[in-house]
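Some notes on the structure that comes next.
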Amino acid sequence: MAHALRLARKGLYTTTPNPRVGCVIVKDGAIVGTGWHERAGEAHAEIHALREAGDAARSATVYVTLEPCAHHGKTPPCADALVRAGVARAVAAMQDPNPSVAGEGLARLAAAGVQVESGLLEEAARDLNPGFIKRMLLGHPFVRLKTAASLDGKTALANGASQWITGAAARADVQRLRARACAILTGSGTVLADDPRLDVRDFDIGRQPLRVVADTRLRTPPQARLLAGGKALIVCAEPEPKKMAALEAAGAKILCLPSSDGRVDLAALLAHLTRLGVNELHVEAGARLAGALLAAGLVDEWVHYAAPKVLGEPGRGLFADLSLTVLDQAHAFRVVDERRVGRDWRFTLRPAARPGPATMPC
């Protein structure tokens, strides 16, 4: 199963909106077939492994990182293919959270006389597909917030100068995070200040993530670099026909999602991205949008790059005012990974506990 998980990681950047899945077929103590899911619409991991195994699949044991599918999508059910191949035993790391499967794949195998088991290295399998699991179970993508700052928590000088706080190695590492995401979210303030492209440049993944701008008043200029290529979504709070027409002429799609405070409804935005098949949402934004997501309890993972330098006051901070009055209200995180990246440090954190939602402008 560990080998199947390693195979699944080969599809880390390419399977969206499908999960990353690996499969290993073993007979008489030897591996006779391997495979992984490479791209949506193409053969699943089990099919690749069965093709490699051929007749050796009969009476073999199949190790797969996710329960074999039992429904017709763009490809036929993998559970049926395993039954036809005559496998004797199927071990899944975890059940499929997709309501179209949800145990049906294993049940179909068991009904055909295949010995089935589930739960082997389940935690590692879940870590491989946090976005797919959350989208299927909760109707939201997995939100990964990326920040970079000096040791004293400053993202820029008071005049806005920020290039570059972190080094080249850290910036290259961010490309890896972008590459695994289905969409990248930023705010209009970042677009106006930095004119970012928000694309994947160092990985040949055959696609570009959807670029999304939370833009309450439609301030994004039609010539913004992230609009190049036409794969961009501008989300506003109030329609302004002239601005909308100019942005649409530049290739953007416009979505109006006002909240009760007159700004972009972030929860509604996440629900919309779920309907588009977004598993993992990567966020690179300024203090206002980052603070809004944090205050609303919408951040699932925070990846922070810390540079060994000090900018001092009145440099710009990581998050806008979170309206905290006592320390017990602080947003607590636990560190799940820390490592050196070039001359900087990268911390990966998950919420230790989720505070109640709060109102915060974006």
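Positions are given from 1, in the same order as the sequence printed here.
Taken from CG in L138 to CD1 in I133, the straight-line distance is 10.5 Å, to the nearest 0.5 Å. Taking CG of L269 as the reference point, atom CG of L255 lies at 7.5 Å (rounded to 0.5 Å). Taking CZ of R288 as the reference point, atom CG of L293 lies at 13.0 Å (rounded to 0.5 Å). The CE atom of M136 lies 4.0 Å from the CG atom of N98; values are rounded to the nearest 0.5 Å.
Screening residues 171-219 for ring-ring contact (aromatic ring centres under 6.0 Å, His included) gives Y13-F203 as the qualifying pairs, with residues at least two apart or on separate chains. For residues 273-330, the set of pairs meeting the ring-ring contact (aromatic ring centres under 6.0 Å, His included) definition, not counting sequence neighbours, comprises W302-H304, W302-F319, W302-F333. Within the structure, side-chain hydrogen bond (donor to acceptor under 3.5 Å, both in side chains) contacts touching residues 119-132 (residues at least two apart or in different chains) do not occur. Contacts classified as ring-ring contact (aromatic ring centres under 6.0 Å, His included) and involving residues 243-269 (residues at least two apart or in different chains) are not found.
T166 contributes no side-chain N or O that, together with a main-chain N or O of A170, makes up a donor-acceptor pair within less than 3.5 Å. Side-chain atoms of D265 come within 3.5 Å of backbone atoms of A267 as a donor-acceptor pair (strictly under, hydrogens ignored). For Q95 (side chain) and A102 (main-chain N/O), no donor-acceptor pair under 3.5 Å exists by modelled atom type. R340 places a side-chain N or O within 3.5 Å of a backbone atom of G342 that can act as its donor or acceptor partner. Using modelled atom types, no side-chain atom of T65 and backbone atom of A93 make a donor-acceptor pair closer than 3.5 Å. Of the possible donor and acceptor atoms, none in the side chain of K231 sits under 3.5 Å from a partner among the backbone N and O of R211. Between the side chain of E338 and the main chain of F347, no donor-acceptor pair closer than 3.5 Å is present. A side-chain donor-acceptor contact under 3.5 Å links D344 to the backbone of G167.
Cluster membership for L177 and F142, using ILVMFWY side-chain heavy atoms within less than 4.5 angstrom, is not shared. Grouping the Ile, Leu, Val, Met, Phe, Trp and Tyr side chains by contacts below 4.5 angstrom, directly or via other members, places V21 apart from L5. Both L218 and V213 are members of a single hydrophobic cluster when ILVMFWY side chains are connected at heavy-atom separations under 4.5 Å. By the rule that hydrophobic residues join a cluster once side-chain heavy atoms approach within less than 4.5 Å of another member, L298 and L289 end up as members of one cluster. Under a hydrophobic-cluster definition in which Ile, Leu, Val, Met, Phe, Trp and Tyr are linked whenever side-chain heavy atoms come within less than 4.5 Å, directly or via other members, I165 and L157 are assigned to the same cluster.
Every residue meeting the side-chain hydrogen bond (donor to acceptor under 3.5 Å, both in side chains) condition with S150, not counting sequence neighbours, appears here in chain and number order: D152. Applying the side-chain contact (heavy atoms from CB on, under 4.5 Å) rule to C69 yields the partners H44, H71, C78, V101; only residues at least two apart in sequence or on another chain are considered. Applying the side-chain hydrogen bond (donor to acceptor under 3.5 Å, both in side chains) rule to R20 yields the partners E280; only residues at least two apart in sequence or on another chain are considered. Evaluation of the side-chain hydrogen bond (donor to acceptor under 3.5 Å, both in side chains) rule for D96 yields no partner, not counting sequence neighbours. With sequence neighbours excluded, the residues that form a side-chain contact (heavy atoms from CB on, under 4.5 Å) with R89 are T61, Y63, V91, Q115, E117. For T190, the side-chain contact (heavy atoms from CB on, under 4.5 Å) criterion is met by T186, D194, P196, not counting sequence neighbours. Not counting sequence neighbours, the partners of R316 by the side-chain contact (heavy atoms from CB on, under 4.5 Å) test are T155, A156.
In this structure, the side chains of L210 and I184 stay at 4.5 Å or more apart for every pair of heavy atoms. Under the 4.5 Å side-chain criterion, counting only non-hydrogen atoms from C-beta, V264 is not in contact with P258. Counting heavy atoms from C-beta outward, L151 and K309 have side chains that stay 4.5 Å or more apart.
The side-chain tip of R339 does not point at the ring of W345 from less than 6.0 angstrom away and within 45° of straight on.
Shown are R207, Q175, R176; of these, the side chain to side chain contact (heavy atoms under 4.5 Å, CB included) with V200 is made only by Q175. Of the candidates N18, T14, T15, H37 forms a side-chain hydrogen bond (donor to acceptor under 3.5 Å, both in side chains) with just one, namely N18.
Atom CZ of R9 sits in a sparse spot, with 12 or fewer heavy atoms from other residues, nucleotides or ligands closer than 6.0 Å. Residue-environment remark: CG (D337) exceeds the threshold of 12 foreign heavy atoms within 6.0 Å. Around atom CD of E240, more than 12 heavy atoms belonging to other residues, nucleotides or ligands sit under 6.0 Å away.
Between K134 and D300, the closest heavy-atom pair is NZ-OD2, 2.7 Å. Scanning all heavy atoms of the two residues, the minimum distance from P19 to L66 falls at CG-CD2, 3.6 Å. The two residues P239 and C256 come nearest to each other via the heavy atoms CD-SG, 3.5 Å. Counting all heavy atoms, side chain and backbone alike, A250 lies closest to P222 at CB-O, 3.4 Å.
Using a 4.0 Å cut-off between a side-chain N of Lys or Arg and a carboxylate O of Asp or Glu, R346 and D173 qualify as a salt bridge. Taking the charged nitrogens against the carboxylate oxygens, D80 and R108 do have a contact shorter than 4.0 Å, which makes a salt bridge.
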**OP:** Test E313 against K154 for salt bridge (Lys or Arg N to Asp or Glu O under 4.0 Å), laying out the working first.
**Re:** CA-CA 9 Å; E313 294 292 346; K154 303 302 180 182; 3.1 Å; yes
**OP:** Evaluate the salt bridge (Lys or Arg N to Asp or Glu O under 4.0 Å) criterion for residues D215 and R217: first the C-alpha distance (whole Å), next the side-chain angles of each, then the deciding distance (0.1 Å), finally the verdict.
**Re:** CA-CA 6 Å; D215 188 355; R217 298 187 298 276; over 6 Å; no
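The hydrophobic side chain of V341 is isolated, with no ILVMFWY side chain under 4.5 Å apart from it.
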